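Remarks on the structure that follows.
Nothing here was measured: the structure is a model prediction, and the numbers come from that model. Letters A, B, ... are given to chains in the order of the sequence lines, protein chains preceding strands, and every chain is numbered from 1.
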4 protein chains.
Amino acid sequence: MKNQDVVQAKIRVPQQGRSKASFERMLATAEQLMAERGSDDFTLNEVAKVGKVSIGSIYCRFDSKDDMVHAVQIRVLHRVDSNMLLGIAGVRERRMSFEAFVPAIVDRIAEALREFSAEMRPFMLRASNDPTVAALGKGSYNRTATAVRDAFLEHRAAILHPDPDRAVDAAFRMLYASLARYLGFGSSIEAAGEGDWTLLKADLADMILAYLHSASAGQRAA
Amino acid sequence: MKNQDVVQAKIRVPQQGRSKASFERMLATAEQLMAERGSDDFTLNEVAKVGKVSIGSIYCRFDSKDDMVHAVQIRVLHRVDSNMLLGIAGVRERRMSFEAFVPAIVDRIAEALREFSAEMRPFMLRASNDPTVAALGKGSYNRTATAVRDAFLEHRAAILHPDPDRAVDAAFRMLYASLARYLGFGSSIEAAGEGDWTLLKADLADMILAYLHSASAGQRAA
Amino acid sequence: MKNQDVVQAKIRVPQQGRSKASFERMLATAEQLMAERGSDDFTLNEVAKVGKVSIGSIYCRFDSKDDMVHAVQIRVLHRVDSNMLLGIAGVRERRMSFEAFVPAIVDRIAEALREFSAEMRPFMLRASNDPTVAALGKGSYNRTATAVRDAFLEHRAAILHPDPDRAVDAAFRMLYASLARYLGFGSSIEAAGEGDWTLLKADLADMILAYLHSASAGQRAA
Amino acid sequence: MKNQDVVQAKIRVPQQGRSKASFERMLATAEQLMAERGSDDFTLNEVAKVGKVSIGSIYCRFDSKDDMVHAVQIRVLHRVDSNMLLGIAGVRERRMSFEAFVPAIVDRIAEALREFSAEMRPFMLRASNDPTVAALGKGSYNRTATAVRDAFLEHRAAILHPDPDRAVDAAFRMLYASLARYLGFGSSIEAAGEGDWTLLKADLADMILAYLHSASAGQRAA
DNA sequence: TATGAATGAGTATTCATTCAT
DNA sequence: GATGAATGAATACTCATTCAT
């Protein structure tokens, strides 16, 4: 939240029709170029040309290319967040048994990430060198993490693990890391796309279920 | 294996003392610059200056900057591989119970990656845009994966999961993804370093143990 | 004609005053540097410095140094062509006897080439390695060749050679080669400037006259 | 003659077997590379690699790359000169009528140039920027010119032109320029290779014959 | 004498950013 | 506000020449 404010302060969002339209075109074009290339190496001249806006207009809205990238990221994360949060809420509403809930929510999270993987990848890579991108990404991650935690804890009774809160967090973190890696979000990308997506989701659900069901765990924890 | 040969063909490795020393200095300098910055955006003039070699000397050894980066990666992966494989072998030799073995090997893998995380990170990021880097990284990953699989399957009797081979693969993949993410290997880096390293290792060991012990899994597999 | 279009497509010609002026300065500077050196080995930094434009401005107009060279060539050839074609038309209008016409047109062609020899030389040399330069040069050559042929064939009655069309072509080719060589257009340049220009023109006129007047020729033709 | 001496002073020609062989290999390799590329843009590293000599050896023999190019040129011109002079002598010995002699000597000169066109072209182009190359070329040209003049003047009686010496010079110059241009020796190369070689030779012979036979010429001379 | 590794000035080209219109 | 031409620092790469061994 706070981060978005920091970023938005550097961006001049127009209210009027014509300006608004060209502002949207800038952001959409930059997003498209990044998604196509899988990285942030687009030039502002490309945005100007493809988006039919002038370089000057871009600098009229943003103080720098970095600010533009951040604005695009915010745009993308808005979509990711609503898709993700709505999806999680949808699963929650189905009021399934824990054994049915786990694969369902794993699937929901996996599909939400997959749907936006092309748009998110450039930011994942950039995050290592750009603290603002990292912070914005972390914000989105946290929103999802919270929603997932709440959904899991509705099934607190079914979780045999001695420390349910911590176990749910660990499970989500593992889930997110595994999905992100498969989707090629930069990490150890060499293995991206390897294996079968459906099997991956099944295995991850199995793991989470086994982990949260296991009563013996936690003994070894520090 | 084959990939390393392909790459090494593009590099002229000197045998004699003086040349060898300056060749090493080039690679060490490039590695250092990349590790410091966390990315591959160093310039050859920097390498020349810091490493006290001339631009010409660099081009005497490598056909391009890309080839130099690949040579650095090979150098790093050699160290990673020996550390990792020796570590895994060391754990195997201790002939522990499965319950002791799992945290031990998790710890070993985690520490091997952590030791080289600064050196590996730039290549993880570059892999998305450079197929050679991706292939070299995959080679290293596969060598570790094989050693880990073999070590786990020595405990085949303790694995209740209906398909031990697949389960071990899935567990390793999950483990690697989680560690890589924590170490900031590009993937969803926004969460890198979050949480406690010791706790993470414990949780991952718990998950793997619970997963491989669980007999009910696999029912959902395709 | 077509070649010029192809080349001009790669060049962004400004229309407005200020831009136009700096664009002209680039071309004029490049032309001047080439003419001074007698070859195409100028650098873009020289053009930038001497022409008081920035490197970036140059790349704003041309995609590459090659494209700039081609643009300069087109500029030079425009001047050569108009001078040449007007000169030939001027000779034609004087409606002289064939014996007066031949030295007159030889002189006209010779002087047109001589006037632009410094500007043309760099392109003559570059033509061997640059197909676009060769094609542009050929275009200009052909325009002159056609005009010359037409002018000679107005005197068809005076040409005793059994195949007037072929003879006129051969005569023009010989004339062009001899003048180009004298002017140092690369060919066997070692002899450039040797002898007297006025005498050369007289001798060439004599040769052409003798050749076109000779009725016995062509017997040996294949 | 004098020029060759000047050049040879900068070259250290070895006398002993092994050195001599590698010296020859340098020159032959450089010549081959130039003939293949049609220009002088080879690198000394290429000569070292292809010719299996070391860079150091090259600089042991020559003070600079330029000196090496000049040595190659001398080597080529030796071959051109002997071929040309022997050919001309051969034609002379056949003691033909003037009408048979002219096409015969034109053919001889044309074929001699054609045989060595690939080897000579790089030097023709370089002559514009390298006075030594120009001077060496001029020496060779002059040796041929003298031999040709002498051969023609054996037929002095058949030459009706009022100034036979000057006419023969002019005819040779025109002949050489036309052949050089056809063979692509840099000059107005755009037209190189255009038309038919056999027809070109026939036309040139016709022109020379007509010119030397014509009694009316010279009236217009200054 | 022979070797070939090392040198480094020099080149074309890119691109975020500025600013006159 | 809007435009897009202009800027110029920065970068990968070349190659004749030197010199330690």
Side-chain angles (χ1 to χ4, degrees), chain A residues 12 14 16 18-19 22 41-49 52-68, chain B residues 12 14-23 26 41-49 52-68, chain C residues 12 14-23 26 41-49 52-68, chain D residues 12 14 16 18-19 22 41-49 52-68:
Chain A
R12 288 165 286 282
Q16 293 186 340
R18 177 133 27 142
S19 295
S22 95
D41 61 356
F42 65 95
T43 74
L44 292 185
N45 277 313
E46 285 173 321
V47 174
K49 198 171 174 185
K52 298 192 190 312
V53 290
S54 69
I55 289 280
S57 295
I58 295 174
Y59 274 89
C60 197
R61 298 296 168 204
F62 307 101
D63 284 343
S64 68
K65 186 186 177 184
D66 280 6
D67 288 348
M68 185 188 208
Chain B
R12 291 165 283 280
Q15 305 302 336
Q16 295 184 341
R18 174 116 41 140
S19 295
K20 182 117 186 180
S22 95
F23 180 71
M26 285 172 207
D41 61 356
F42 65 95
T43 75
L44 292 183
N45 280 318
E46 284 174 322
V47 174
K49 199 171 179 183
K52 296 193 189 311
V53 291
S54 68
I55 287 284
S57 294
I58 296 174
Y59 276 91
C60 201
R61 299 293 168 206
F62 308 101
D63 284 342
S64 68
K65 185 185 174 182
D66 280 6
D67 287 350
M68 185 189 209
Chain C
R12 289 165 285 280
Q15 304 305 335
Q16 295 184 341
R18 173 114 43 137
S19 294
K20 185 117 187 183
S22 95
F23 181 71
M26 286 174 206
D41 61 356
F42 65 95
T43 73
L44 293 183
N45 279 317
E46 285 173 322
V47 175
K49 200 170 175 181
K52 297 195 190 310
V53 290
S54 68
I55 288 284
S57 294
I58 296 174
Y59 277 90
C60 201
R61 299 294 169 205
F62 308 100
D63 283 343
S64 68
K65 185 183 176 184
D66 279 7
D67 287 349
M68 186 189 209
Chain D
R12 290 164 286 280
Q16 294 186 341
R18 178 134 28 145
S19 294
S22 95
D41 61 355
F42 65 95
T43 74
L44 292 184
N45 276 314
E46 284 174 323
V47 175
K49 197 172 175 184
K52 297 191 191 310
V53 290
S54 68
I55 288 279
S57 295
I58 295 173
Y59 274 88
C60 197
R61 298 295 169 206
F62 307 100
D63 284 343
S64 69
K65 185 185 176 184
D66 280 6
D67 288 349
M68 184 188 209

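S54(D) OG to N45(D) CG: the interatomic distance, rounded to the nearest 0.5 Å, is 10.5 Å. For the atom pair I58(B) CD1 and K65(B) NZ, the distance stands at 10.5 Å (nearest 0.5 Å).
One interatomic measurement links the two molecules: NZ of K52(C) to P of dA5(F), which rounds to 23 Å at whole-angstrom precision. Taking atom CE on M26(B) and atom P on dA12(F), their separation rounds to 15 Å, with Å as the unit. Put simply, CE on M68(A) is 14 Å from C1' on dT17(E), counting in whole angstrom units. If you take CG of N45(B) and C1' of dG10(E), they are 12 Å apart, rounded to a whole angstrom. Counting to the nearest Å, the C1' atom of dA12(E) and the CG atom of D66(C) are 10 Å from each other. Atom CG in D67(A) sits roughly 14 Å away from atom P in dA16(E) (whole-Å rounding). When the C1' atom of dT3(E) is taken as reference, atom NZ of K49(D) falls 17 Å away, rounded to whole Å. Atom pair F23(C):CZ and dG4(F):P shows a separation of 18 Å (rounding to whole Å applied).
In the set dA16(E), dA2(F), dT13(E), dA16(E) carries the atom at the smallest distance from any side-chain atom of L44(A). The side chain of S54(C) has dT7(F) as its nearest neighbour among dT7(F), dC13(F), dT17(E). The side chain of K65(C) lies closest to dA12(E) when the candidates are dA12(E), dA16(F), dA12(F).
Side-chain contact check for S19(D) versus R61(D): some heavy-atom pair is nearer than 4.5 Å. At a threshold of 4.5 Å between non-hydrogen side-chain atoms, the residues K49(B) and I55(B) do not count as touching.
Residues F42(A) and S64(C) each lie close to DNA chain E; by heavy-atom proximity, the contact nearer the 5' end of the strand is made by S64(C).
Near DNA chain E, meaning a heavy atom under 4.0 Å from it, residues 55-63 of chain D has I55(D), G56(D), S57(D), C60(D), R61(D) in order of number.
Taking both residues in full, the closest heavy atoms of D63(C) and Y59(C) are given as O-CE2, 3.8 Å, listed atom of the first, atom of the second, then distance. Across all their heavy atoms, R12(A) and C60(A) have their closest contact at NE-O, 2.7 Å.
Close to dA20(E), at under 4.0 Å from its OP1 or OP2, lies no side-chain N or O of S19(C). For the pair S22(C) and dA5(F), the criterion of a side-chain N or O lying under 4.0 Å from OP1 or OP2 is not met.
For the salt bridge (charged side-chain N to carboxylate O under 4.0 Å, His left out) test, residues two or more places apart in sequence or in another chain that qualify with D66(B) are R126(B).
Base pairing in DNA chain E yields stems of at least 3 consecutive Watson-Crick or G-U pairs, both distances under 3.5 Å, namely E:2-21 with F:2-21.
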